[in-house]
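First comes the structure, then the notes that go with it.
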Amino acid sequence: QVQLVESGGGLVQPGGSLRLSCAASGSIFSIDAMGWYRQAPGKQRELVAAITSGGSTNYADSVKGRFTISRDNAKNTVYLQMNSLKPEDTAVYYCNAAGRGRWYAKPSDYWGQGTQVTVSS
């Protein structure tokens with residue numbers, strides 16, 4: 001089993017910055033893509049940013065130019081640097097990893113428990 005642990009959430013003023021981290025641990029054969037999703041009250045969970053093991057990235061239009069996703073493959077850790085934060089960025093942010101715990105296992109998605117990000121003055 002693969003476990004994901006997120007950190008770095010909190011309260012920040014509009015225009016401020018936060019850096020989220022997510023480390024994968026447990027039985028890991030491979031981690032392919034990793035990413036961040038978020039869900040605000042009353043809204044659907046949406047992809048914020050994703051990154052492959054090779055470094056290719058994808059961002060939601062709403063965060064392009066403000067957020068940067070990166071990863072450390074050796075540490076099985078993904079980061080989300082969030083700058084110029086807006087109130088509409090307020091949500092629970094979830095870490096996601098696509099991978100498998102054994103070479104013969106079926107690839108599957110793993111999720112963290114989420115970390116709250118609140119942007120408010």
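Everything numeric in this text was worked out from a predicted model, so none of it was measured.
Under a 3.5 Å cut-off, the side chain of Glu6 and the backbone N or O of Gln113 do form a donor-acceptor pair. Without hydrogens or angle criteria, Ser120 side chain to Thr118 main chain gives no donor-acceptor distance under 3.5 Å.
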### Query
Step by step, would you call Asn96 with Trp36 a side-chain contact (heavy atoms from CB on, under 4.5 Å)?
CA-CA 6 Å; Asn96 169 265; Trp36 292 93; over 6 Å; no

### Query
So Ser108 and Tyr110, side-chain hydrogen bond (donor to acceptor under 3.5 Å, both in side chains) or not? Walk me through it.
CA-CA 7 Å; Ser108 61; Tyr110 301 90; 3.2 Å; yes

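Of all the heavy atoms in Leu20 and Gly9, the pair that sits closest is CD2-N, 3.5 Å. The two residues Leu4 and Cys22 come nearest to each other via the heavy atoms CB-SG, 3.9 Å.
Counting only heavy atoms from C-beta outward, the side chains of Ser70 and Val78 never approach each other to under 4.5 Å. Using a 4.5 Å heavy-atom cutoff, the side chains of Gln116 and Thr90 are in contact. Using a 4.5 Å heavy-atom cutoff, the side chains of Tyr93 and Met82 are in contact. The shortest distance between side-chain heavy atoms of Arg19 and Tyr79 falls below 4.5 Å. With contacts defined as side-chain heavy-atom distances shorter than 4.5 Å, the pair Arg100/Ile31 does not qualify. In this structure, the side chains of Asn76 and Ile28 come closer than 4.5 Å at one or more pairs of heavy atoms. In this structure, Pro87 and Pro14 have side chains that are in contact, with non-hydrogen atoms separated by less than 4.5 Å. A heavy-atom distance below 4.5 Å is not found between the side chains of Tyr59 and Leu47.
The other members of the hydrophobic cluster of Phe29, by chain and number, are Trp103, Tyr104 (side-chain heavy atoms under 4.5 Å, ILVMFWY only).
Evaluation of the ring pair (Phe, Tyr, Trp, His ring centres under 6.0 Å) rule for Tyr94 yields no partner, not counting sequence neighbours. In this view, Val12 and Leu18, Leu85, Val119 satisfy the side-chain contact (heavy atoms from CB on, under 4.5 Å) rule, not counting sequence neighbours. Every residue was checked against the side chain to side chain donor-acceptor pair (under 3.5 Å) condition with Lys106, not counting sequence neighbours, and none meets it. Legend: residues meeting salt bridge (Lys or Arg N to Asp or Glu O under 4.0 Å) with Arg66, ordered by chain and number and at least two apart, are Asp89.
Here Lys64 contributes atom NZ and Thr57 contributes atom OG1; the two are 9.5 Å apart, rounded to the nearest 0.5 Å. Remark: Asp109 CG to Met34 CE distance equals 11.5 Å, nearest 0.5 Å. Here OG1 of Thr68 is found 6.5 Å from CG of Asn83. Values are rounded to the nearest 0.5 Å. Atom-to-atom distance recorded for Ser121:OG and Gln13:CD is 7.0 Å, nearest 0.5 angstrom.
At a cut-off of 3.5 Å, with distance as the only test, no side-chain donor of Asp32 or Ser53 sits close to an acceptor on the other residue.
The stretch residues 42-59 participates, sequence neighbours left out, in these salt bridge (charged side-chain N to carboxylate O under 4.0 Å, His left out) pairs: Arg38-Glu46.
Under the 4.5 Å side-chain heavy-atom criterion for Ile, Leu, Val, Met, Phe, Trp and Tyr, Val92 and Val5 are members of distinct hydrophobic clusters.
For Trp111 and Tyr37, the distance between ring centers is under 6.0 angstrom.
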